[in-house]
Amino acid sequence: MTIQMVDLVTQYKKLKPEIDAAVSKVLESGQFILGKDVAEFESAAARYVGVKHAIGCASGTDALQIAIMALGLKPGDEIITTPFTFFATAEAAALIGIIPVFVDISEKTYNMRADLIEAAITSKTKAIMPVHLFGQPADLDEILDIARRRHLFVIEDNAQAMGALYHGKKAGSFGDLSCTSFFPSKNLGAYGDAGMIMTNDAVLAENARMIAQHGSRVRYKHELLGVNSRLDTIQAAILNVKLNYLDHWNAARQRNAALYNKMLDAEGIVKPFVAQERSHIYHQYSIRVGRRDALQEHLRAKGIPSAIHYPIPLHRQEAFGKIPGFVERNKSFPVAEHIAKEIISLPMHPELSEEQITFIAETVSRFYA
Ligand SMILES: *Cc1c(COP(=O)(O)O)cnc(C)c1O
């Protein structure tokens with residue numbers, strides 16, 4: 001029994017006729033930049049999430065940077081976000097001179113704590129950037145309420161939660177803008193890098209679209225400084241096929257998580273907690289344990305892969321220590337630091353079998369028995 005963290009090959013083999021036909025069509029069309037496939041996927045993704053506008057781009061990281069640029073944020077402005085996320089969330093801001101300011105996370109959901117946001121707001125704060133970590137929406141009601149009262153923008157980092165619900169609406173449809181990633185291992189993954197910006201605001205949509213294409217609406221006329229970040233046409237054709245399966249795959253992840261929850265049985269294992277009024281789509285199935293590194297070693301010896309999401313909270317990342325204005329205000333985030341030492345992600349993908357999950361859960365449980 002070979003177990004993988006993510007099994008992209010099995011998934012491709014199931015979809016091979018459809019995917020190959022979609023890719024061939026692009027190759028035969030000669031249209032490799034933008035075109036019909038990109039436009040179709042943008043409409044389909046917007047419809048799926050329930051937003052008016054979707055703009056494809058080259059990666060989730062680019063989507064974040066373009067979203068920040070579309071809001072017109074300037075160097076020295078601050079964005080409040082979580083220290084417990086993938087590096088790109090804050091990197092995208094810092095790269096263009098925006099200072100990431102962190103607040104600590106919930107010990108239960110690992111998402112940013114809304115009740116700590118107001119104390120972190122200064123005259124330079126322009127936006128709040130919640131991350132729907134591991135596939136579970138952050139506390140959007142509370143975050144949107146603060147944003148409204150304090151006149152801040154909200155950018156959702158929805159890279160891990162395509163299809164997750166909050167009060168029955170899709171994550172990614174709440175903020176002024178939302179950003180997602182189609183990195184191959186994400187719940188909706190391309191066969192290469194790809195990303196997307198979503199919004200209900202026509203002006204922000206227009207800005208984002210311009211910025212993603214060198215600040216240009218009309219060829220060779222540049223109104224803004226932008227970037228070259230387009231959604232690749234072949235990737236769009238692949239994503240057009242895969243989007244039809246997303247709900248089915250997310251449901252499989254939820255069934256797999258339920259089976260892990262049932263089978264993991266030992267004192268001291270903290271299983272994922274799902275807060276009220278939202279669904280979790282388990283981009284990762286992450287548990288907290290004692291002796292985490294020893295468990296990981298034990299799993300490796302049994303042929304079970306695992307991963308640490310994330311071993312170093314962002315305020316401890318050397319890269320951010322080099323940003324002027326950063327260090328003194330981003331001191332200590334005890335919950336994020338504590339959880340970084342205990343968290344471990346087990347294999348999670350729609351193709352996992354009941355037998356595999358049972359084997360993994362039993363191996364973990366026995367380690368603590
Ligand atoms: C994957 C991810 C990103 C970056 O997406 P890329 O497509 O890899 O650039 C950003 N934020 C979060 C939370 C992610 O998980």
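As the structure lists them, so they are numbered: ligands from 1, and atoms in each ligand from 1.
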Could you tell me whether the side chains of Ser216 and Glu223 share a donor-acceptor contact shorter than 3.5 Å?
no

Within the 3.5 Å criterion, strictly below it, is a donor on His349 or Gln4 matched to an acceptor on the partner's side chain?
no

Note: ligand 1 atoms sitting under 4.0 Å from heavy atoms of Ser59 are 7 (O), 9 (O)

We want to know whether Asp193 and Ser59 form a side-chain donor-acceptor pair, criterion being a heavy-atom distance below 3.5 angstrom.
no

Closest protein heavy atom (residue, atom, distance) for atom 2 (C) of ligand 1:
Lys186 NZ, 2.6 Å

Going by the angle between their ring planes, with limits at 30° and 60°, are Phe84 and Tyr310 parallel, tilted or perpendicular?
perpendicular

Could you find the nearest protein heavy atom to atom 15 (O) of ligand 1 and give me its residue, atom name and distance?
Gln160 NE2, 2.8 Å

Do Tyr245 and Asn250 have side-chain atoms, one donor and one acceptor, less than 3.5 Å apart?
no

With sequence neighbours left out, what residues match Arg150 under salt bridge (charged side-chain N to carboxylate O under 4.0 Å, His left out)?
Glu118

Within ligand 1, which atoms have a heavy atom of Gly60 less than 4.0 Å away?
5 (O), 6 (P), 7 (O), 9 (O)

Closer than 4.0 Å to some heavy atom of Thr85 - which atoms of ligand 1 meet that?
13 (C)

Determine whether the side chain, the backbone, both or neither of Ala159 has a heavy atom under 4.0 Å from any heavy atom of ligand 1.
side chain

Identify the protein heavy atom lying closest to atom 8 (O) of ligand 1, giving its residue, its atom name and the separation to 0.1 Å.
Phe183 CD1, 3.8 Å

Per-residue contact class, Val131 against ligand 1 - non-hydrogen pairs under 4.0 Å:
side chain

Just jot down the ligand 1 atoms closer than 4.0 angstrom to any heavy atom of Thr89, in number order.
11 (N), 13 (C)

Among Thr180, Leu64, Asp157, Asp193, the residue with a heavy atom nearest to atom 13 (C) of ligand 1 is Asp157

So which heavy atom on Tyr166 is nearest to which on Ala138, and how close?
CE1-O, 3.5 Å

Going by heavy-atom distance to atom 5 (O) of ligand 1, choose the closest among Ala63, Ala58, Ser181, Ala92.
Ser181

For atom 9 (O) of ligand 1, what is the closest protein heavy atom, and at what distance to 0.1 Å?
Thr61 OG1, 2.5 Å

Please report the C-alpha distance between Asn256 and Tyr282 in whole Å, then the side-chain angles of each, then the deciding distance to 0.1 Å, and finally whether the side-chain contact (heavy atoms from CB on, under 4.5 Å) criterion is met.
CA-CA 9 Å; Asn256 292 344; Tyr282 299 98; over 6 Å; no

